[in-house]
Amino acid sequence: MKRKRSRVARRRLHIILIGIAVAAAAFFGLFYTTDMEITGNSRYTDAQIRSMVQKDPLCRNTVLMSLFHGTVQVDAPLISDIQVSYVTRNKLRITVSEKYPIGYIQLNGTNYYFDKDGVVLEALQPGDVSSGERADSEASSSSVSGAVPSEAAVSRSDGSTGQAQISAVTPEPAAASSQGAAGAASDAQNGSMGYAPALTDVPLIEGLGATKAASGETLEVPDDSVFQKILALTKLIDKFDIQPDRVVLDESLNMTLYYGNVRVSLGSDEYLEEKMTRAAAILPQLGGMSGELHLENYSNTTQNIIFDSDAAQS
């Protein structure tokens with residue numbers, strides 16, 4: 001009798017174990033992750049984000065991943081965190097929160113990208129940029145030079161001086177497309193964690209006065225207010241889609257933007273949005289030219305904007 005009960009108990013145990021195994025197989029098969037909907041990323045490609053998330057062992061199961069690892073921490077300098085949520089039994093939604101570099105400086109052959117507080121987020125060698133990102137950069141830099149075929153687009157008030165007066169009543173530029181989209185960037189294994197971020201839309205800043213820099217540290221500059229000025233400028237550069245080759249600051253924090261052979265003198269950050277609105281509308285008229293567009297004295301009563309041609313100065 002005891003042997004019979006023992007055989008029955010073992011049989012029940014086997015049935016239970018088989019049931020558990022079948023249920024587990026069904027669970028993992030039914031909720032197996034086959035798709036990820038990725039949003040919020042502009043610095044890293046979808047493939048790079050997917051690779052970061054897939055390092056988590058639970059990512060293969062939509063239920064377990066969304067329940068137990070709803071927030072994924074990755075050691076990528078330009079990502080704050082990654083939120084994971086359940087969409088369907090085979091699909092996860094990946095929401096990326098990125099940090100916002102407002103500019104970079106060059107020291108000792110390294111590019112140091114910093115945020116609105118002057119904290120260095122990422123340090124990269126200039127070569128740590130994929131060919132796709134360089135193509136983006138070159139396209140942005142050449143957007144002025146190819147705008148019009150000749151200087152005839154700008155009427156000159158005095159041909160002998162080479163000084164052009166341009167009406168300040170210019171149309172508002174169309175809404176700019178977002179720069180820095182990571183879709184065109186390759187997944188080249190560069191950068192801090194083997195992922196090359198798209199950073200070609202971040203302007204080079206010269207004249208900050210910082211003599212040393214390191215990732216995670218704040219840049220030491222004579223006047224900390226400069227970072228808020230750069231933040232405001234960078235947002236307007238993005239808004240109007242007019243990426244300069246570089247931004248140069250003088251000791252008084254007056255700003256000059258360089259677009260090929262065209263210099264846009266902005267002066268202080270007073271009326272900055274109005275100045276950038278005018279610059280965005282005028283720059284396409286300056287294709288093929290070399291000289292300085294004067295916006296440093298712009299005010300709400302300004303009627304004409306002066307462009308000094310370098311050709312007239314030589």
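Every value quoted in this text rests on a predicted model; they were computed, and no experiment measured them.
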Q: Anything under 30° is parallel, anything over 60° is perpendicular, the rest tilted; go ahead and classify Tyr86 against Phe31.
A: tilted
Q: Just so I know, are the side chains of Leu257 and Met276 near enough to count as touching, which here means a heavy-atom distance under 4.5 Å?
A: yes
Q: What distance separates His294 NE2 from Ile305 CD1, expressed to the nearest 0.5 Å?
A: 11.5 Å
Q: Whether the side chain of Asp81 engages the backbone of Gln73 through a donor-acceptor N/O pair (distance < 3.5 Å, no angle test) should be reported.
A: no
Q: Under 4.5 Å between side-chain heavy atoms, hopping through other hydrophobics if needed: is there a path connecting Leu107 to Val248?
A: no
Q: Is there a donor-acceptor contact under 3.5 Å from the side chain of Ser51 to the main chain of Ala47?
A: no
Q: Spell out, yes or no, whether Ile105 and Leu253 are grouped together once hydrophobic residues are joined by side-chain heavy atoms under 4.5 Å, including indirect joins.
A: yes
Q: For Ser268, which residues count as a side chain to side chain contact (heavy atoms under 4.5 Å, CB included) partner, sequence neighbours excluded?
A: Asn254, Glu270, Lys275
Q: Using the side chain to side chain contact (heavy atoms under 4.5 Å, CB included) rule, take Asp56 and Met65 through it: C-alpha gap first, then chi angles, then the decisive distance, then the call.
A: CA-CA 9 Å; Asp56 191 306; Met65 187 67 177; 3.9 Å; yes
Q: Main chain of Tyr258, side chain of Arg263: is a donor-acceptor contact present, judged purely on distance under 3.5 Å?
A: no
Q: What verdict does the side-chain hydrogen bond (donor to acceptor under 3.5 Å, both in side chains) test give for Gln125 and Thr110, after you've listed the backbone C-alpha separation in whole Å, the side-chain angles of each residue and the deciding distance to 0.1 Å?
A: CA-CA 5 Å; Gln125 298 299 313; Thr110 300; 3.0 Å; yes
Q: Please report the shortest heavy-atom distance between Ser42 and Ala198, naming the atom on each side.
A: O-CB, 3.9 Å
Q: Just wondering, are more than 12 heavy atoms of other shown residues or ligands nearer than 6.0 Å to CD in Glu206?
A: yes
Q: Do Tyr113 and Leu78 touch side chain to side chain, with heavy atoms closer than 4.5 Å?
A: no
Q: Under the rule for side chain to side chain contact (heavy atoms under 4.5 Å, CB included), what residues qualify as partners of Thr33, not counting sequence neighbours?
A: Met36, Thr62, Leu92
Q: First locate atom NZ of Lys239, then atom CD1 of Ile237, and finally report the distance between them rounded to the nearest 0.5 Å.
A: 13.5 Å
Q: Got a second to check how far Arg278's CZ is from Phe240's CZ, nearest 0.5 Å?
A: 9.0 Å
Q: Is it the case that atom CG in Asp250 sees more than 12 heavy atoms from other parts of the structure closer than 6.0 Å?
A: yes
Q: Show your reasoning for whether side chain to side chain contact (heavy atoms under 4.5 Å, CB included) applies to Asn261 and Met289.
A: CA-CA 7 Å; Asn261 293 322; Met289 299 186 188; over 6 Å; no
Q: Within the 4.5 Å heavy-atom criterion, are Leu233 and Asp269 side-chain neighbours or not?
A: no
Q: Which heavy atom in Lys99 sits nearest to a heavy atom in Pro77, and how many Å separate them?
A: CD-O, 3.3 Å
Q: How long is the straight-line distance from NE2 of His69 back to CG of Asn61, given to the nearest 0.5 Å?
A: 12.0 Å
Q: State, without any angle test, whether Ser225 and Asp223 hold a side-chain donor-acceptor pair at a distance under 3.5 Å.
A: yes
Q: Hey, does the side chain of Asn90 reach the backbone of Tyr32 with a donor-acceptor pair shorter than 3.5 angstrom?
A: yes
Q: Heavy atoms only: give me the nearest Met52-Ile79 pair and the separation to one decimal.
A: SD-CD1, 3.7 Å
Q: I'd like to know if the side chain of Glu122 pairs up with that of Ser215 as donor and acceptor (distance under 3.5 Å, no hydrogens or angles considered).
A: no
Q: Val120 versus Glu217: any side-chain heavy-atom pair under 4.5 Å?
A: no
Q: Classify the side-chain pair Asn41/Asp46 by whether it contains a donor and acceptor separated by less than 3.5 Å.
A: yes
Q: Within the side chain of Arg93, is there an N or O that forms a donor-acceptor pair under 3.5 Å with the backbone of Val87?
A: no
Q: Do Tyr100 and Thr234 have a side chain donor and acceptor closer than 3.5 Å?
A: no
Q: Under a 4.5 Å cut-off applied to non-hydrogen side-chain atoms, are Val221 and Asp224 in contact?
A: yes
Q: Given side chain to side chain contact (heavy atoms under 4.5 Å, CB included), test Asp117 with Phe227 step by step and report yes or no.
A: CA-CA 6 Å; Asp117 298 313; Phe227 298 121; over 6 Å; no
Q: Is there a donor-acceptor contact under 3.5 Å from the side chain of Tyr259 to the main chain of Ile242?
A: yes
Q: Considering only heavy atoms from C-beta outward, does the side chain of Phe114 approach that of Leu208 to under 4.5 Å?
A: yes
Q: Begin with the C-alpha distance, continue with both residues' side-chain angles, and end with the deciding distance and a verdict on side chain to side chain contact (heavy atoms under 4.5 Å, CB included) for Leu249 and Ile230.
A: CA-CA 10 Å; Leu249 305 169; Ile230 296 172; 4.3 Å; yes
Q: Can you check whether Thr211 reaches Glu220 side chain to side chain, under 4.5 Å on heavy atoms?
A: no
Q: Can you name the nearest heavy-atom pair linking Leu295 to Ala279, along with the distance?
A: CD1-CB, 3.9 Å
Q: Using every non-hydrogen atom in the two residues, find where Ala76 and Tyr44 come nearest and quote the distance to one decimal.
A: CB-OH, 3.9 Å
Q: Does a side-chain heavy-atom distance below 4.5 Å link Gln106 with Leu204?
A: yes
Q: Quick check for you: to the nearest 0.5 Å, what is the distance between Leu121 atom CG and Asp115 atom CG?
A: 4.5 Å
Q: Distance check, rounded to the nearest 0.5 Å: Tyr271 atom OH versus Glu296 atom CD?
A: 15.0 Å
Q: Check the side chains of Asp310 and Ser290 for a donor-acceptor pair under 3.5 angstrom, ignoring hydrogens and angles.
A: yes
Q: So if you build clusters from Ile, Leu, Val, Met, Phe, Trp, Tyr with side-chain heavy-atom gaps below 4.5 Å, do Leu231 and Val119 land together?
A: no
